[in-house]
Amino acid sequence: MRFTVSSTVLSAKLTALARVINSKNALPILGDFLFDVNDTQLNLTASDSENTMYTSVELAECDSNGRFAIGNHDLLEAVKGFSEQPITFDIDFQQNLVKISYQNGMFSLPIENADEYPVAQHVSDQATTIVIPNQILSDNINRSLFATAQDELRPVMNGIYFDLTPDYLAVVASDGHKLVRNKIYSIKSDQPAAFILPKKPATLLKNLLGKDGGDVIIRFDDRNAEIAFEEGTIQCRLIEGRYPNYNSVIPQNNPNQLTVDRVGLLSALRRVQPFANDSSNLIRFHVEDGTLQLDAEDYDFSKTATERMSCSYNGQPMSIGFKGSSFIEILGNFACSEVIIQLADPSRAGLVFPSEQPENQDVLMLMMPMLIND
């Protein structure tokens with residue numbers, strides 16, 4: 001079998017697929033790319049047994065159809081350095097060898113039997129379908145991924161929760177200390193449904209979704225999801241279990257409202273955070289009369305820091321403690337110029353909103369407080 005393909009197109013596709021492959025695999029063949037030549041199309045697959053990605057490339061020439069698997073590392077390193085040019089694959093199934101020739105030379109690599117490559121489990125015919133604009137899904141994954149947990153005892157917290165309701169699609173992530181809830185009002189369904197997307201496929205989508213429009217089609221059942229986008233398709237096993245009632249932890253009445261420059265607060269937190277205690281990372285927020293004061297202290301090493309900044313505040317004077325690194329993450333995942341922080345008292349969660357919500361969306365981030373010693 002012989003076929004010819006563009007070097008830069010193949011390199012881009014293989015680079016995307018390589019993100020799926022683990023460095024160590026229970027099955028050695030999962031360290032390979034699966035090549036499936038069908039007429040003038042090359043279908044490429046990579047898998048780690050739980051996540052499988054498919055993509056395709058149009059071939060310049062092809063003399064027959066066939067399938068084979070080839071090790072990802074050597075092939076990827078070889079084609080990465082090519083300038084745009086045609087490269088030709090000559091496959092010898094008798095010797096299990098592929099010769100790859102290009103403008104100035106050639107190299108050969110062993111191949112493996114494609115029949116040994118595991119087949120991904122497809123979603124059922126009764127799957128629920130969500131159609132979501134590429135840009136909206138990308139933005140929501142980017143905003144939510146940092147808030148997922150690393151919790152072996154509660155695996156449902158380790159992914160992003162998609163909750164389809166009659167009023168909106170909610171995209172939620174939480175580690176128990178911070179929470180992100182995105183409501184997308186343009187997507188809803190009379191038949192409620194939900195799934196928990198694991199962190200790895202969410203990270204793959206974060207890196208692969210473009211900014212050029214188009215729709216992403218998500219089909220899911222109780223165990224698996226199939227996510228089709230412009231560059232290809234990802235099939236993944238979902239996290240099974242019941243996600244906590246995220247709405248119950250969001251306070252409904254936080255009467256003290258603070259509006260502050262997001263970049264200014266982010267910069268101030270980064271300056272005072274190194275002075276906080278390493279174990280707690282506690283930063284005290286004190287707000288009154290249009291001034292926000294940030295205090296960090298580590299008496300074990302005789303370190304303290306204070307910074308003040310102006311803000312707009314409507315409420316009672318208050319001191320409340322937050323974990324500095326987590327608040328920095330929250331502010332870093334907004335794109336607005338100002339944020340609104342709503343507080344009730346030092347023992348209740350603080351809510352953070354963008355000053356301007358995205359169109360047809362409602363973005364909220366929650367931060368649990370820390371005990372401060374007055």
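- Using a 4.5 Å cut-off between side-chain heavy atoms of Ile, Leu, Val, Met, Phe, Trp and Tyr, with links allowed through other members, Leu27 and Leu17 fall into different hydrophobic clusters.
- By the criterion of side-chain heavy atoms lying less than 4.5 angstrom apart, applied directly or through intervening Ile, Leu, Val, Met, Phe, Trp or Tyr residues, Leu169 is not grouped with Ile217; the two fall into different hydrophobic clusters.
- Looking at residues two or more places apart in sequence or on another chain, you find a salt bridge (Lys or Arg N to Asp or Glu O under 4.0 Å) between Arg154 and Asp151.
- With sequence neighbours excluded, the residues satisfying salt bridge (Lys or Arg N to Asp or Glu O under 4.0 Å) with Arg2 are Asp90.
- Ring pair Phe89/Phe35: centre-to-centre distance below 6.0 Å.
- Checking Gln273 against Asn281 by side-chain atom types alone, a donor-acceptor pair falls below 3.5 Å.
- Counting heavy-atom neighbours within 6.0 Å of Gln316 CD, excluding the residue itself, gives a total of 12 or less.
- Annotation: salt bridge (Lys or Arg N to Asp or Glu O under 4.0 Å) contacts of Glu77 (sequence neighbours excluded): Lys80.
- With hydrogens and angles disregarded, a donor-acceptor distance shorter than 3.5 Å links the side chain of Arg262 to the backbone of Phe334.
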Test ring-ring contact (aromatic ring centres under 6.0 Å, His included) on Phe327 and Phe285; report intermediate values, then the result. CA-CA 11 Å; Phe327 216 100; Phe285 287 58; 4.9 Å; yes
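- Hydrophobic clustering of Ile, Leu, Val, Met, Phe, Trp and Tyr side chains at less than 4.5 Å, counting indirect connections, keeps Met1 apart from Tyr117.
- Side-chain atoms of Asn140 and Gln361 include a donor-acceptor pair closer than 3.5 Å.
- Judged by distance alone, the side chains of Gln41 and Asn43 do bring a donor and an acceptor atom under 3.5 Å apart.
- Under the 3.5 Å distance criterion, with hydrogens and angles disregarded, a donor-acceptor pair is assigned to the side chains of Tyr246 and Asp163.
- Heavy atoms from other residues, nucleotides or ligands lying under 6.0 Å from NZ of Lys188 number 12 at most.
- Gln85 and Ser7 share no donor-acceptor pair across their side chains, judged by distance under 3.5 Å alone.
- No side-chain donor-acceptor contact under 3.5 Å links Asn158 and Thr148.
- Residue Phe275 places its CZ atom among 12 or fewer non-hydrogen atoms of other residues, nucleotides or ligands, all under 6.0 Å distant.
- Side chain of Ser138 to main chain of Asn134: no donor-acceptor pair is present (N/O by atom type, distance under 3.5 Å, no hydrogens or angles).
- With hydrogens and angles ignored, the 3.5 Å screen pairs a side-chain donor or acceptor of Asn182 with a backbone N or O of Val171.
- No donor-acceptor distance shorter than 3.5 angstrom exists from the side chain of Lys99 to the backbone of Thr88, with no hydrogens or angles considered.
- Not a single donor-acceptor pair under 3.5 Å links the side chain of Lys183 to the backbone N or O of Asp167.
- The ring-ring contact (aromatic ring centres under 6.0 Å, His included) test applied to Tyr243 returns Tyr161, not counting sequence neighbours.
- Within a 6.0 Å sphere centred on CG of Asp190, other residues, nucleotides and ligands contribute 12 heavy atoms or fewer.
- If you chain together ILVMFWY residues whose side-chain heavy atoms come under 4.5 Å of each other, Tyr54 ends up in a group of its own.
- Counting only distance, with no hydrogens or angles, the side chain of Asn22 and the backbone of Asn25 share no donor-acceptor pair below 3.5 Å.
- For Glu84 and Ser6, the side-chain atoms include at least one donor-acceptor pair closer than 3.5 Å.
- By the side chain to side chain contact (heavy atoms under 4.5 Å, CB included) test, Ser337 is found to be paired with Ser355, residues two or more places apart in sequence or in another chain being considered.
- Side-chain N/O atoms of Ser279 and Asn277 include a donor and acceptor closer than 3.5 Å.
- In this structure, Ile70 is a member of the same hydrophobic cluster as Val5, with clusters built from ILVMFWY side-chain heavy atoms closer than 4.5 Å.
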